[in-house]
Structures are given as structure tokens and as C-alpha cells.
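Presented below is the structure to which this report refers.
Predicted model only: the values in this text are computed from it and were never measured.
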Amino acid sequence: MSERPDFSAFPDARGHFGQFGGSFVSETLMGALDELTAMYARLKDDPQFRADFDYDLAHYVGRPSPLYLAERWSKQLGGAKIWLKREDLNHTGAHKVNNTIGQALLAKHMGKPRVIAETGAGQHGVATATVAARLGLTCQVYMGAEDVERQKLNVYRMKLLGAEVIPVTSGSRTLKDAMNEAMRDWVTNVDDTFYIIGTVAGPHPYPQLVRDFQCIIGREAREQSLKQAGQLPDALVACVGGGSNAIGLFHPFLNDDDVAMYGVEAAGDGIETGRHAAPLNAGRPGVLHGNRTYLMEDDNGQIIETHSVSAGLDYPGVGPEHSWLKDLGRVKYVAADDQEALSAFRELTLVEGIMPALESAHALAYARKLAPTMSPDQNIVVNLSGRGDKDILTVAAIDGIDV
Amino acid sequence: MRRIESCFQRLAGQNRKALIPFVTAGDPVKEVTVPLMHAMVDAGADIIELGVPFSDPMADGPVIQLACERALAHNTSTRDILGMVKAFRETNTDTPVVLMGYLNPVEVMGYEAFAKAAADAGVDGVLLVDLPPEEALEVKPVMDAQGLDMIFLVAPTTSDARIKLIGKAGSGYLYYVSLKGVTGSATLNVDEVASRVETIRNLAQLPIGVGFGIKDAESAQAVSRVADGVVVGSALVNQIAENKDTPDAINDAVGGILSAMRNAMDQ
């Protein structure tokens, strides 16, 4: 890549990453987005805001999260050393809380007493309900009816945290429909409501601000790699649904040309079956949920239903910055299917005593293939974006066990 | 002169206001749409907004969401809808037709191909609810070259500076969204609308259509006293939903509401 851009300079002022990103929303929301953009531009380099954010990450979330060398698993695979960035050890059990802490601080600065969120696996919903409880904000979480069913534990967690979970029965009854419904709520209650989007998608400035809040993952991993491995990693691997944990890990390394990056999408039953959630592997650019990005759509521009064992990856779009990084060739986007993810889930649990979220298991499934192709003096950092407790019922059901 | 502009000019000369019905194309079946367009004109419609269904209608309430689902259940495509407009134009060359929907089903055709096909079919304007003027810089000249008006929304939350920008970016008319919310929401507040329309008039040169929350002859009449056009959607789509199993009854049900509105507006 002789002509790579300075990745830290994007998005541009109107939220574009090349042809991707932007603000494709109805006029009613444009004022709120402009207000949020202006507020964020003012606060992001404000020393007090940064200090408040860092304080919460350290004392409430429990950062820095460890970079753990999975020695036994690496030896078993026989290749590069695999390091796990332990976002599963964060308060609430996933990387999602890094972002909700940041957006809740913004909501507080903007004087909004009510927050809403969409959620797929429930991790972002839990992280939102958590910060709302802590700040005394009213919280409503939209969740596809199908996801409410397969993520019962997280639904009850949100209720215990004082949030109202609203099942969404329109469309495919999953994450995309929850996002539609959250947008409808926001357009109706825009004066008193802050919409905490959970991933690096949506209209500008969300892809930028969610990325910035999640970049703590990559900044820590970079420092920890230099200290613990004595060098930058040779490869980074992260799962990609909307892509917030991936961009958080990748972004601080984008200008390091020698660090290879792999984003792992959900191949569901297999890309060739059409039943998957892999727009970067098998989609094309279009416009959904406020931004232009790779989408799973039919020839008439209608969004196609997605399939994945992992509710958090079951989304037909992806953050616009990933679309741009794909087209630039900076990140390679690959896919792991349900079976590969489940077997990585079991393997890490048995070999390292760490139970990963099914989302993160997609990243592990690819690392499992990649490591043996590399040498033992090379290093791979895998983002272990969340823990698997929430998925125990799903895995038990697959095993035919009634817990 | 373009059809939309001459329509508003003619009405202004008669001291009348435009009645602008919205229905989703292909709802509940494709065969219904063209006869329904004619029936709406017979009942007093001046401009027809034809909804292009989308799988993810983020700005719409449940009534139009379900209309999209019904139309998509049998794959009503953008090309099908252009075919409907072409069929409508065989006997009606006066009534402007505006396609209203979301960007993706248009963009997937390619801007050039869409604009040419739409102009060829006899479409007059395009209103894409998730395309604010800032993102329309590329598509607007393409539409303009084919004589298609780009109609933009103004909302209760739109700043004065943005109203000016939208007034310059759009042509045909401005669509004032009368309330914060999705289509089919609560009833609008006429005094509030009157005051906002006044503000918009001072900042933009285009005729102003008002939509969202207009449900009956009474609200249509009230809005027609302050705006240049009255847009009615969910109230009509509700009638289509109620008669979805007896499509023959749809023209009368929708026409009945429009006639009552027309009479009230012309009083």
C-alpha cells in the first residue's frame, strides 16, 4: 500500500470515509445530529472530559484489561503465539461498556434525562442499562423478539438494572429491526432523549465517537504488546458484526504497515448457503440506518434477513469505516461459520479455562486457522470481546440439554 | 414548465390548495395501484405521492410499515412501480406523480438508470426521506438533468439556516413534517403548524405541503388554510389495510376520504 491515507484523519467533516458513512436520516434528526457532532467536537479533546472518561474506565470498568498469552492453546495449534485481549473481564462482561460510559457522559453534558439503545445479544443493552442505573437516567432498550427469546439471561439482567426492554416484532425480529425501532423512538422523543448506539454504524458522528471510545482496546493492546512480547503484533483478529470491538482494536495500529488485520464475519450456515451475516464478504454498498456501507440486500435494494448462531453478529450491515478499510485493502475480512465458532468456543473453554462469547468465538475460530501458518516467534492478538456466560443456554440447547 | 410547478400555479390562480394523497405502491397487490391512482384523481387529488416500499422504513409508523410488508410480500420493485406510473400516464398526462421512499431501493438501480427510467415513465418528483440535501449533492444534478424535482423535508426541529439550505436545494415543493415522530402519529397542532409555515415562507421560495397527522376532512381543511398543499397518507393506507382482502372496495374507501377532504378544503 504505497498510497495509504492517514487513517487518523478520517472521517471527514461530514462523516465520510471515502464513499462510506455520512448522515442518511430523516430531517427531524439532522438538528440533533448536528448538536451531537458539535458537542463531541468540543468535548473530545477537553481535558476534564478525557479525565472523567479515563477515571470511569479505570475504576468502574476495571481497565486496563489484561493481554493474556494463551500458551497452552498456542502450543496445541503449533504456530504463532496467541494473545487474548481480555475485554471479557470488563464490568458487564464485554467491550460494549467502554462506549456506553463515553456516550452516557455525553448525554449528561447535553442534559438528556432519558437514554435509549438497540441491542442484539443484549451486551450493549446491559452496558447501557448499567450506566443508566449509575447516572439515574431513564432507560429503554429495543431488542428483536427473536433475540429476547435466545438471550433471556441478558433480558432479565436489564430488567434488574431498572431498564425497560421492548421486544420488537417487526421485520426479521432481530438487531436491525431493533435499530429501526430505536430510530423511530428517537425521532419522536428527540428533545429529551439520547440515543446510545452500540456499534460503529448509524449516522455521523456515531461511527466516529463509538470508535474513539473503543480505541482504548487497541491503545492498551499496543502498549501491552510492546511491553510483554517486546514487539508489535504481527496480526490482529477480531469479530465483526457492526464492528465496534474490531475497530477499537485495529484503529490504533492502522498506520503500522507491518501489522496485518483480520476482521471475522459470521458465515452462519456457510457463505455459499446465503444464510449468513457477512456483508463484507458477500454484500455490496448501499444505505441503511443512516450510513452508506456494505449491506446484505437483494437486487431490488431490500435488506435480506441474516443468520448467525451469535445474536450480536446477526446484522445485515457493518460500520462504514470497515467498508472503507476493506476497499483500501488495509484489513482483510474473512468469515467463520456457526460450527467453527462453536468448536472454538468449546476449545478455548477446555484448553484455557476461558469461556468466550459466541461473537468472540468467531475471531478465535479464524485465529485457530491462522496461527499454524505462522512461526512461533510471531504474535497474534485476538480480541476476546466478551464472555460466554450469556450463551450457555444457546450452547446447551444445541447440545440437547435443558438447563 | 414542469408538471408540479404548473399544478401549484394553476391552483394558486383558483385560490385552491393541493390535495396530495400518499399510498404505497403494490399494496395490497400490484393490480390495485393504477386504478387507485385514477380513483384518487377523480376524488380530488392534485398530486400523487406513490410510496416505494422498503424493508426497513425507519421514519414510518406501524401503518406504513405494514403496507411496505404487504407490498414486498409479492416483491413490488422500483421497476414495477415505474411500470405503474407509465400505465397511469396512458390516460392521465396532467397529475404530477412523486415517488416517495428511502434511498436504497433507488440507489441500487444506479442514479442515472433510475432517473432516466423515472422520467421516461412520467414521474415528476422524488422524495427520499433518508436523503438530506447534504447527501444529495451527487444525485441531484442527475435528477435535474431528467427534469425530476427533488423534494426535501423540513421538520419542526429544522433550524432557520437549514430551511434556507433546503429551500435552495429542493424544487417542486417543500414537505413540512408537522410533528416530531413517525408517520401516522398523533394529531397535529394547527396553530403550531401555521406559525412554522409562516417562518418557512419567509426563508424559502417553494410551495409548502404539510404532512403527518392529517387524518380527516377537518384537519385537512385547517391545514389548507395555512399551507399550499395537504398530504394525507396513513389515514388512506389504513383503509387499504382494512380492505386488503376485498381489493375491489379500496377505491371507494380511499376515494370517500379524499372527497370529503376536497370538499372541506374548497369551502
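- Atom CG of A:D34 sits about 7.5 Å away from atom OG of B:S159, to the nearest 0.5 Å.
- Across A:D298 and B:V108, no two heavy atoms sit closer than the pair O-CG2, 4.3 Å.
- Neither the backbone nor the side chain of B:L66 comes within contact range of chain A, judged by heavy atoms closer than 4.5 Å.
- Heavy-atom minimum distance, B:F54 versus A:L288: CZ-CD1, 4.1 Å.
- Without hydrogens or angle criteria, A:S26 side chain to B:D130 main chain gives no donor-acceptor distance under 3.5 Å.
- Residue B:T158 touches chain A through both its backbone and its side chain, counting heavy-atom pairs closer than 4.5 Å.
- Comparing A:S23, A:A32, A:P285, A:A182 by how many heavy-atom pairs each has under 4.5 Å with chain B, the most go to A:S23.
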Is there a side chain to side chain contact (heavy atoms under 4.5 Å, CB included) between B:M58 and A:E181? Walk through the geometry before answering. CA-CA 7 Å; B:M58 299 188 312; A:E181 212 53 42; over 6 Å; no
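- By the neighbour-count criterion of 12 heavy atoms within 6.0 Å, atom CD of A:E272 is densely surrounded, having more than that number from other residues, nucleotides or ligands.
- With a 4.5 angstrom heavy-atom cutoff, B:L153 touches chain A via backbone and side-chain atoms both.
- Checking side-chain atoms of B:T157 against main-chain N and O of A:T28 turns up a donor-acceptor pair under 3.5 Å.
- Among A:V187, A:T188, A:D191, the single residue meeting the side-chain contact (heavy atoms from CB on, under 4.5 Å) criterion with B:K180 is A:D191.
- Proximity to chain A is absent for every atom of B:R79, based on heavy atoms less than 4.5 angstrom apart.
- Contacts with chain B were tallied for A:R14, A:H289, A:M183; A:R14 has the most, counting heavy-atom pairs under 4.5 Å.
- A donor-acceptor pair under 3.5 Å is absent between the side-chain atoms of A:Q302 and the main chain of B:N104, judged by distance alone.
- Taking both residues in full, the closest heavy atoms of A:R184 and B:P57 are given as NH2-O, 2.7 Å, listed atom of the first, atom of the second, then distance.
- When heavy atoms are compared at a cutoff of 4.5 Å, B:L128 does not approach chain A at all.
- Taking all atoms of both residues into account, the shortest heavy-atom contact from A:S170 to B:Q65 is CB-OE1, 3.8 Å.
- The part of B:V154 that comes within reach of chain A is its backbone (N, CA, C, O), which places non-hydrogen atoms under 4.5 angstrom from that chain.
- No part of B:P62 comes within reach of chain A, as not one of its non-hydrogen atoms sits under 4.5 angstrom from that chain.
- There is a side-chain donor-acceptor pair under 3.5 Å between B:E135 and A:H16.
- Expressed to the nearest 0.5 Å, how far CG of B:D56 lies from CE of A:M179 amounts to 11.0 Å.
- When each of B:L103, B:D80, B:N75 is scored by its heavy-atom pairs under 4.5 Å with chain A, the top score falls to B:L103.
- Minimum heavy-atom separation, B:P132 to A:F24: CD-CA, 4.2 Å.
- Remark: B:K30 NZ is packed, more than 12 non-hydrogen atoms of other residues, nucleotides or ligands lying under 6.0 Å away.
- For A:D299, the CG atom sits in a loose shell: 12 or fewer heavy atoms of surrounding residues, nucleotides or ligands are nearer than 6.0 Å.
- For chain A, the nearby part of B:D60 is the backbone; its heavy atoms alone come within less than 4.5 Å.
- Taking CD of B:E134 as the start and CG of A:L33 as the end, the distance is 10.5 Å to the nearest 0.5 Å.
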